[in-house]
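Single-structure report; data block below.
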Amino acid sequence: MHLFHGKVALMDYLSSIKTTNSTIGFVPTMGALHKGHQSLMQQSIKENDITVVSIFVNPTQFNNPEDLAKYPRTLDEDLKKIDTINSGIIVYAPTVDDIYEGKTLSQSFDFDGLENKMEGKFRPGHFDGVGTIVKRLFEIVNPTNAYFGEKDFQQLQIIKKMVEKCKMKVNIIGCPIFRESNHLAMSSRNERLTLQERKDAAVIYNVLEGAKSKFKTSSAKKINQWVKEEFEKNKPFTLEYFEIADEETLSTCIRKNKNKKYRAFIAVHINTIRLIDTISLN
Ligand code: PAF
């Protein structure tokens, strides 16, 4: 593994090992790596000559200071995990200053409305922060392919939109969600759950599966009501939002159109921890 904390040294190293035809696969992360991240790295290794992983807890995408302060930071363990995957992986773990150069602020983006729904509605400024950091990382790493998990499906669509609007030359590749044995979607935030909470959090996926099977015969409105009632029975989990939306535009499903692909999206709080998940419905 080759570790860099500064962008200049990283860029110098990349240009020293790249040839004209080399492909670079890039896996941006905020660390606390789990099996989902590991599978993104494995896919990148398979599909590219060089793989770069970034580990950076990006302050501008957190609307809640407590969430930022409590976000797990486990760099030493992360580096060990990366080394067991492949010793040739290049890791960029920058300081806040290396990225933001004294101005820790987001750029303001227009993602054609994708940013105003669900995560964007409940986490103001979040997607400006994500767009800012991902664009900056792409400028530094200059990847051929970049890999993102589908758990953050709205983020994935927004990054595709940013690449299209900013005319960046990188392929955005969405990868399937990795789940625990009780189907809880793997997430760095799961580290903050107690064992009991982790077990009980199975309710999130169970509700999504329930919604999927109801989607064949019920309206989105009826399913929304059912999900609300399920969470009323499942304290201490509280539902922030549940939404059935068009996979492409993320617009809310009012009346089903058989030519469209739909997805259910959910955000749930357990104490101060916020979990999200998603499932394809048809
Ligand atoms: O999904 C994440 O971990 C983050 O939002 C990302 C893409 C690494 C940007 O900080």
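Closest heavy-atom contact between L184 and L275: CD1-CD1, 4.4 Å. Across every non-hydrogen atom of L75 and A93, the tightest pair is CD1-CB, 4.1 Å. T74 approaches A32 most closely through the heavy-atom pair OG1-CA, 3.3 Å. Closest heavy-atom contact between L156 and E150: CD2-CG, 4.0 Å. In terms of heavy atoms, G102 sits closest to D97 at N-OD1, 3.5 Å. Across all their heavy atoms, Y92 and G6 have their closest contact at CE1-C, 3.8 Å.
Using a 3.5 Å distance cut-off with no hydrogens or angles, the side chains of E230 and N234 do not pair a donor with an acceptor. Between Q225 and E229, the side chains place a donor N or O and an acceptor N or O closer than 3.5 Å (distance only, hydrogens not considered). Side-chain polar atoms of Y147 and N171 form no donor-acceptor pair below 3.5 angstrom. Remark: the Q61 side chain and the N58 side chain contain an N/O donor-acceptor pair separated by less than 3.5 Å. No hydrogens or angles considered: nothing links the side chains of E247 and S280 as a donor-acceptor pair under 3.5 Å.
Remark: K121 NZ is loosely packed, at most 12 non-hydrogen atoms of other residues, nucleotides or ligands lying under 6.0 Å away. Heavy atoms of other residues, nucleotides or ligands lying less than 6.0 angstrom from CD of E77 number 12 at most.
A heavy-atom distance below 4.5 Å is not found between the side chains of F153 and I276. Taking the side chain as every heavy atom from C-beta outward, T60 and L105 never approach each other to under 4.5 Å. Residues T29 and V27 form a side-chain contact, since some pair of their non-hydrogen atoms from C-beta on lies under 4.5 Å apart. Side-chain contact between E191 and P72 is present, with at least one heavy-atom pair separated by less than 4.5 Å. Considering only heavy atoms from C-beta on, D200 stays 4.5 Å or farther from E197 through its side chain. Between I90 and F26, the closest side-chain pair of non-hydrogen atoms is not below 4.5 Å.
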Run the numbers on S44 and T51 for side chain to side chain donor-acceptor pair (under 3.5 Å), then give the verdict. CA-CA 6 Å; S44 170; T51 287; 2.8 Å; yes
Please lay out, stage by stage, how K18 and D49 fare under the test salt bridge (charged side-chain N to carboxylate O under 4.0 Å, His left out). CA-CA 9 Å; K18 261 189 324 194; D49 302 315; over 6 Å; no
Is there a salt bridge (charged side-chain N to carboxylate O under 4.0 Å, His left out) between E248 and K261? Walk through the geometry before answering. CA-CA 8 Å; E248 211 48 48; K261 283 201 55 93; over 6 Å; no
Report the C-alpha separation of F127 and F109 in whole Å, then their side-chain angles, then the decisive distance to 0.1 Å, and conclude whether the ring-ring contact (aromatic ring centres under 6.0 Å, His included) test is met. CA-CA 8 Å; F127 286 122; F109 288 92; over 10 Å; no
Side chain to side chain donor-acceptor pair (under 3.5 Å) between T278 and R263, intermediate numbers included: CA-CA 7 Å; T278 176; R263 232 170 215 281; 3.0 Å; yes
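Within the 3.5 Å criterion, the main-chain N or O of I50 finds no donor-acceptor partner in the side chain of N48. Between the H126 side chain and the R123 main chain, no donor and acceptor come within less than 3.5 Å of each other. Not one N or O on the side chain of Q157 forms a donor-acceptor pair closer than 3.5 Å with the backbone of L250. Using a distance-only test at 3.5 Å, with no hydrogens or angles considered, a donor-acceptor pair links the side chain of N282 to the main chain of Y262. No donor-acceptor pair closer than 3.5 Å links the side chain of K117 to the backbone N or O of S251. A side-chain donor-acceptor contact under 3.5 Å links N182 to the backbone of R198. In this structure, the side chain of Y241 does not engage the main chain of V268 through any donor-acceptor pair within 3.5 Å. Formation of a donor-acceptor pair under 3.5 Å by the K81 side chain with backbone atoms of Q38 is not found in this model. At least one donor-acceptor pair closer than 3.5 Å links the side chain of R136 to the backbone N or O of I99. K214 places no side-chain N or O within 3.5 Å of a backbone atom of S219 that could act as its donor or acceptor partner.
V134 and L10 fall within a single hydrophobic cluster, where Ile, Leu, Val, Met, Phe, Trp and Tyr are joined by side-chain heavy atoms under 4.5 Å apart, directly or via other members.
Remark: K256 does not engage D246 in a salt bridge, criterion side-chain N to carboxylate O under 4.0 Å. With respect to K70 and E66, a salt bridge is recorded, a charged nitrogen being found less than 4.0 Å from a carboxylate O. Under the 4.0 Å criterion applied to side-chain N and carboxylate O atoms, R274 and D67 are not assigned as salt-bridge partners. In this structure, E139 pairs ionically with K135, as a charged nitrogen and a carboxylate oxygen lie closer than 4.0 Å.
Aromatic ring orientation, Y13 versus F4: tilted (interplanar angle from 30° to 60°). Relative orientation of the F56 and Y100 rings is tilted, given thresholds of 30° and 60° on the angle between their planes.
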